[in-house]
**Student:** 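Following this message is one structure expressed as structure tokens.
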Amino acid sequence: MTHASQARSTAMDDIIVGASLLAGTANVIMQLGRPGVGYGVVESTVESGQVFRHPVKRTRTTLTYLAVATLGTDTERAHYRRAVNGSHAAVRSGESSPVSYNAFDPELQLWVAACLYKGVEDTCAALLDEPDEHSKDEIYARAAALGTTLQVPAEMWPADRAAFAEYWQWGLEQVSIDDTVRDYLHDLVMLRFLPGAVRVPLAPFHRFVTTGFLPQRFREEMGLTWTPRQQRRFDRLMSVIAAVVKRLPRPLRQFPYNLCLADLRRRIRTGRPLV
């Protein structure tokens with residue numbers, strides 16, 4: 001292994017932390033802010049991918065995708081691409097769909113990948129020490145796999161972080177969340193896919209951290225209010241969590257992503273379904 005590849009691996013390994021799951025629903029809102037992505041999820045007929053029917057399976061699939069895209073090998077990503085493609089084949093708009101979409105559309109997949117990378121940036125800023133400029137560039141280059149693991153051609157990934165910032169601003173202009181998608185997302189925010197005994201005590205906290213991680217553009221689309229006082233509370237909370245995260249050994253810091261990657265490798269070895 002070359003020194004350069006070691007540096008890339010170390011930079012990426014250091015920023016993959018399980019605590020980033022606190023921003024998970026905020027990132028889903030960002031992704032579904034593009035109407036084609038939003039309706040692709042809301043109208044999907046893929047039974048196994050519906051979080052309100054199979055929350056554990058859906059969560060495992062998503063976490064495994066993130067784990068293999070950021071920490072896996074090219075061969076593992078190829079295995080997972082084939083498995084996910086099988087599910088995505090049925091996700092396409094019908095005659096009654098208000099917008100046109102196709103899960104194989106590289107432009108929509110690029111938006112999803114961009115949201116995932118933006119989530120990496122935001123959680124890194126909230127929970128970890130800021131990487132140096134070289135590490136930021138290395139992490140950004142590696143993050144292209146968030147899209148290329150599926151159908152995004154490598155040349156579609158913005159060339160550098162400055163180009164990404166321009167793409168992100170353009171993408172924000174394409175965001176529009178209507179009542180149908182907003183209702184679906186509010187149900188996610190309020191954890192309505194969980195049993196009441198779990199949902200009732202956790203939902204207010206989940207709404208708070210989700211709103212805290214959302215850029216203002218998405219708060220407005222969702223009709224979520226956010227005050228300076230709430231921001232101060234959120235910043236204090238993140239400071240406490242960050243202090244814990246920074247002291248954890250890497251295996252604990254990366255949990256559950258490392259567990260999902262180990263499970264994927266076991267499934268590949270034993271020939272079990274990957275999604």
Side-chain angles (χ1 to χ4, degrees), residues 23-66 68-69 77 80-119 143-153 156-158 167-168 170-193 210 213-215 217-218 220-223 273-275:
T25 300
N27 205 265
V28 171
I29 291 171
M30 291 158 62
Q31 295 171 35
L32 272 61
R34 282 286 291 272
V37 181
Y39 271 93
V41 172
V42 171
E43 295 186 338
S44 174
T45 59
V46 180
E47 173 75 17
S48 63
Q50 296 179 13
V51 69
F52 289 96
R53 297 187 181 181
H54 305 285
V56 174
K57 181 177 176 61
R58 177 61 183 176
T59 300
R60 175 179 66 80
T61 300
T62 300
L63 295 184
T64 302
Y65 174 76
L66 293 172
V68 72
R77 284 191 282 270
Y80 211 64
R81 179 187 300 114
R82 287 192 293 270
V84 173
N85 284 352
S87 297
H88 278 180
V91 181
R92 58 183 65 245
S93 53
E95 293 183 1
S96 63
S97 300
V99 297
S100 176
Y101 61 85
N102 184 326
F104 288 98
D105 183 340
E107 171 54 39
L108 293 180
Q109 289 192 356
L110 177 60
W111 172 250
V112 171
C115 290
L116 292 172
Y117 171 71
K118 191 66 168 62
L146 292 168
T148 59
T149 296
L150 294 179
Q151 272 73 44
V152 179
M156 282 187 70
W157 187 246
Y167 170 79
W168 183 252
W170 174 86
L172 290 179
E173 296 173 4
Q174 317 308 311
V175 168
S176 178
I177 301 177
D178 68 8
D179 289 343
T180 299
V181 177
R182 188 180 300 109
D183 288 346
Y184 175 91
L185 292 171
H186 272 302
D187 285 346
L188 287 182
V189 171
M190 299 311 294
L191 301 176
R192 293 198 172 97
F193 53 90
T210 296
F213 273 112
L214 279 175
R217 176 77 174 84
F218 296 92
E220 293 169 357
E221 288 287 332
M222 289 292 295
L274 304 188
V275 298

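None of the values given here were measured: they were computed from a predicted structure. The basis for the numbers below is simple: all heavy atoms, side chains too, and nothing from hydrogens, waters or symmetry mates.
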**Student:** Within a strict 4.5 Å, meaning less than it, do heavy atoms of the Y65 and L116 side chains meet?
**Tutor:** yes

**Student:** Return yes if some donor-acceptor pair links the side-chain N/O of H186 with the main-chain N/O of V181 below 3.5 Å, else return no.
**Tutor:** no

**Student:** On a heavy-atom basis, which atom in A83 and which in V275 lie closest, and how many Å separate them?
**Tutor:** O-CG2, 3.7 Å

**Student:** Applying side chain to side chain contact (heavy atoms under 4.5 Å, CB included), run through E107 and L110 and close with a yes or a no.
**Tutor:** CA-CA 5 Å; E107 171 54 39; L110 177 60; 4.1 Å; yes

**Student:** For residues R77 and T149, report the shortest heavy-atom separation together with the two atoms involved.
**Tutor:** CD-OG1, 3.1 Å

**Student:** Would you say the side-chain atoms of Q109 and D105 include a donor-acceptor pair closer than 3.5 Å?
**Tutor:** no

**Student:** Assess, by modelled atom type and distance only, whether the side chains of Q151 and N85 contain a donor and an acceptor separated by less than 3.5 Å.
**Tutor:** yes

**Student:** Taking all heavy atoms of R81 and all of L150, pick out the closest pair and write down the distance.
**Tutor:** NE-O, 3.4 Å

**Student:** Using only atom types and a distance under 3.5 Å, with no angle test, would you say the side chain of R92 pairs donor to acceptor with the backbone of Y101?
**Tutor:** no

**Student:** What is the distance from atom CD1 of I29 to atom CZ of R182, rounded to the nearest 0.5 Å?
**Tutor:** 11.0 Å

**Student:** Have E43 and S93 got a donor and an acceptor in their side chains that come within less than 3.5 Å?
**Tutor:** no

**Student:** At their closest point, which heavy atom of N27 faces which heavy atom of G119, and how far apart are they?
**Tutor:** ND2-CA, 3.5 Å

**Student:** Among side-chain atoms of D179 and Y184, is any donor-acceptor pair under 3.5 angstrom?
**Tutor:** no

**Student:** Please name the residue in the list V41, L32, T25 that meets the side chain to side chain contact (heavy atoms under 4.5 Å, CB included) test with L185.
**Tutor:** L32

**Student:** Run the numbers on W157 and Y117 for side chain to side chain contact (heavy atoms under 4.5 Å, CB included), then give the verdict.
**Tutor:** CA-CA 11 Å; W157 187 246; Y117 171 71; 3.9 Å; yes

**Student:** For Y39 and D178, what are the C-alpha separation, side-chain angles and deciding distance, and is it a side chain to side chain contact (heavy atoms under 4.5 Å, CB included)?
**Tutor:** CA-CA 10 Å; Y39 271 93; D178 68 8; 2.4 Å; yes

**Student:** Between K118 and A113, is there a donor-acceptor pair closer than 3.5 Å when you use the side chain of the first and the backbone of the second?
**Tutor:** no

**Student:** Examine W111 together with W168 and report whether their ring centres are nearer than 6.0 Å.
**Tutor:** yes

**Student:** So how far is it from L274 CG to T64 OG1, rounded to the nearest 0.5 Å?
**Tutor:** 9.0 Å

**Student:** What's the separation between atom OG1 in T62 and atom CZ in R58, rounded to the nearest 0.5 Å?
**Tutor:** 4.0 Å

**Student:** Has D187 got a side-chain atom pairing as donor or acceptor with F193's backbone, closer than 3.5 angstrom?
**Tutor:** no

**Student:** Do the ring planes of H88 and F104 sit parallel (below 30°), tilted (30 to 60°) or perpendicular (above 60°)?
**Tutor:** perpendicular

**Student:** Strictly below 4.0 Å, N to O, side chains only: are E173 and R217 in salt-bridge contact?
**Tutor:** no

**Student:** Where do T61 and Y80 come nearest, in terms of heavy atoms and distance?
**Tutor:** O-OH, 3.0 Å

**Student:** I need the minimum non-hydrogen distance between E221 and I177, along with the two atoms involved.
**Tutor:** OE1-N, 2.9 Å

